[in-house]
Protein chains: 2
Amino acid sequence: MCIAGGRIHDLQGAGSKTFGATAPTLSAQHVSTHDHLFFEGDARDRIYIVESGWVKLYRTLIDGQRQIVGFANSGSILGIESDGHYSNSCEAITDVIIRPIPAIRINGICKNDPALADQILRQIARQLGAAQSQLATIGAQSAEQKLATFLLSIADLCEVNHDREFDLPMRRGDMAEFLGLRLETVSRKMTEFQRRGWIKLTSLYHCRFLQRHVLEQLAQGGEADTGVALRAC
Amino acid sequence: MCIAGGRIHDLQGAGSKTFGATAPTLSAQHVSTHDHLFFEGDARDRIYIVESGWVKLYRTLIDGQRQIVGFANSGSILGIESDGHYSNSCEAITDVIIRPIPAIRINGICKNDPALADQILRQIARQLGAAQSQLATIGAQSAEQKLATFLLSIADLCEVNHDREFDLPMRRGDMAEFLGLRLETVSRKMTEFQRRGWIKLTSLYHCRFLQRHVLEQLAQGGEADTGVALRAC
DNA sequence: CGCGCGGTTGATCAACCTCAACCCGCGTGG
DNA sequence: CCACGCGGGTTGAGGTTGATCAACCGCGCG
């Protein structure tokens with residue numbers, strides 16, 4: 001899937017230097033949960049690199065429908081997909097530390113700061129791949145499959161994976177808007193997964209896999225035998 | 001929306017030079033309609049820049065469901081979203097000319113060929129934006145809205161826009177797989193649009209807008225008054 | 001205590017899918 | 001020449017999935 005996570009290690013070093021006549025990388029900033037980094041349509045004067053925490057990127061249609069186009073965490077680049085104006089809104093869903101980069105530095109960045117540019121290129125390629133995966137998920141899968149895919153990728157990202165347990169850092173409504181579903185549907189499917197013994201919700205925002213392979217099968221597009229008769233292959 | 005079109009002007013010049021010890025850009029290749037440039041899972045030994053024509057990028061799920069994640073034309077970069085193996089299949093939907101770039105050149109490309117790298121960066125950012133727009137379309141819109149959005153963006157791309165008339169270079173099934181619908185649904189909605197006097201299909205692959213503003217309203221998420229002129233069928 | 005927020009659950013409904021028939025233009029072969 | 005099949009598209013009937021609307025729960029908080 002789907003979620004534009006990924007880590008960049010030496011950005012701090014690379015990004016903190018100043019090159020030529022271009023504006024320097026600004027110092028890191030702190031953003032609190034539920035604060036916005038920027039809104040769709042704002043003038044895009046800078047891009048950001050996430051250093052820690054989670055943000056969601058979303059668009060709002062005129063009729064009020066919203067679509068989350070990605071969650072991003074450490075290493076992700078924000079705001080580079082547009083030009084002139086941000087094409088997404090960006091809201092912190094946890095406390096977040098970000099490093100702003102003046103937009104003016106992006107022109108010719110490959111010449112002026114090849115190390116940073118290489119990182120950005122790699123990262124944005126990853127985000128494109130993630131967006132495409134998400135397209136496949138949203139466009140071609142059922143509600144059940146979407147949720148399975150989502151849980152698996154969230155778990156992979158929250159690598160603090162002691163004993164198949166992981167955080168769901170977002171609300172039901174966020175999941176729904178990410179997956180192109182209604183929050184009621186997400187809720188229903190979650191409890192259904194639990195009822196079938198595939199997962200255990202230790203709290204609203206904390207989950208454990210009991211039958212990871214069933215979810216994997218679902219996510220791959222296979223039929224998940226609801227029953228006990230799971231042919232193990 | 002949605003479709004990763006976009007033009008790069010001086011790539012030919014930038015790409016045809018050889019830099020340092022890295023492999024040179026290979027010469028342009030011709031690909032015929034319906035041929036594949038590569039398949040999902042193939043070893044990714046090179047990326048491509050489209051010089052002319054149209055390709056579709058798609059993924060196939062185990063259950064046979066397919067999702068077209070993008071159409072690409074002149075200027076688009078293909079294959080950069082993955083690493084090691086292609087994550088999409090790529091098929092020419094018209095005759096196509098492409099310029100391959102050895103994958104090995106991508107590492108450190110910013111240092112070795114900053115001009116090309118800058119172009120790639122800009123282009124890939126555009127593709128990311130397009131993918132995100134498509135996410136919003138697929139995830140948050142109804143079949144009717146999806147189709148309206150799609151027609152408008154296709155028309156914009158086929159700039160040969162004399163008198164609101166344009167080509168639909170792909171089959172109904174391709175549209176469906178792009179929009180996350182069934183081809184029957186696409187077909188039905190197309191004829192419905194026609195019946196309502198919004199468009200006129202001069203042939204299966206050629207379309208004219210009669211009431212562009214209605215489609216625009218639909219695509220923006222507004223309710224399309226079925227209008228006064230809905231009579232007699 | 002009352003309220004609001006986030007989540008769950010239930011009943012109902014419609015959008016879209018599924019399956020099937022059918023149309024049409026075209027190329028092929030008898 | 002016609003019969004035939006095939007690919008792509010359209011149309012129809014009926015079924016499912018997921019949306020909609022509404023009630024309700026649990027909790028934190030002023």
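The chains referred to below are lettered A, B, ... by the order of the sequence lines, with proteins before strands, and numbering in each begins at 1.
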Between N or O atoms, less than 3.5 Å apart, protein on one side and nucleotides 27-30 of chain D on the other: list the pairs.
none

For nucleotides 10-16 of chain C, tabulate all protein N/O to nucleotide N/O atom pairs closer than 3.5 Å, reporting atom names and distance.
from	atom 1	to	atom 2	distance (Å)
C/dG10	N7	A/R188	NH1	2.8
C/dG10	O6	A/R188	NH2	3.0
C/dA11	N6	A/R188	NH2	3.4
C/dC16	OP1	B/A143	N	2.7

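Atom CD in B/Q65 sits 15.0 Å away from atom CZ in B/R59 (nearest 0.5 Å).
A search for side chain to side chain contact (heavy atoms under 4.5 Å, CB included) contacts involving B/T94 returns B/W54, B/V96, not counting sequence neighbours. Contacts of B/F38 classified as ring pair (Phe, Tyr, Trp, His ring centres under 6.0 Å), with partners at least two apart in sequence or in another chain: B/Y48, B/Y86. With sequence neighbours excluded, the residues satisfying salt bridge (charged side-chain N to carboxylate O under 4.0 Å, His left out) with B/R208 are B/E165. Here B/E216 pairs with B/L152, B/R212, B/H213 under the side chain to side chain contact (heavy atoms under 4.5 Å, CB included) rule; sequence neighbours left out. Qualifying ring pair (Phe, Tyr, Trp, His ring centres under 6.0 Å) partners for A/H36, counting only residues two or more places apart in sequence or in other chains: A/F39, A/Y58.
Protein atom CD of A/Q145 is 15 Å distant from nucleotide atom C1' of D/dT16, rounded to whole Å. Going from atom CG of B/L168 over to atom P of D/dG8 covers 16 Å, rounded to whole Å. As rounded to whole Å, 19 Å separates atom C1' of D/dG8 from atom NE2 of B/H206. Between the CE atom of A/M175 and the C1' atom of C/dT8 there is a distance of 13 Å, rounded to whole Å. Here the P atom of nucleotide C/dC17 and the CZ atom of B/R66 are 16 Å apart, to the nearest Å. In this structure, B/F193 atom CZ and D/dT10 atom C1' are separated by 16 Å, rounded to whole Å. Summarising the geometry, the separation between CG on B/L204 and C1' on C/dC26 is reported as 14 Å, rounded to the nearest angstrom. Atom CG of B/L183 is separated from atom P of C/dC17 by 10 Å (rounded to the nearest Å).
Under 4.0 Å is where a charged nitrogen must lie from a carboxylate oxygen, and between B/R188 and B/E184 no such pair does.
The salt bridge (Lys or Arg N to Asp or Glu O under 4.0 Å) analysis of residues 28-45 of chain B, with sequence neighbours excluded, yields the pairs B/R44-B/D83. Among pairs with a residue in residues 127-149 of chain B, none fulfils ring-ring contact (aromatic ring centres under 6.0 Å, His included), at least two apart in sequence or across chains.
Set against C/dG6, D/dT11, C/dT9, the side chain of A/S187 has C/dT9 as its closest nucleotide.
Between A/Y205 and the phosphate of C/dG6, there is no side-chain N or O to OP1/OP2 separation shorter than 4.0 Å. Here A/R172 does not reach the OP1 or OP2 of C/dG6: none of its side-chain N or O atoms lies under 4.0 Å away.
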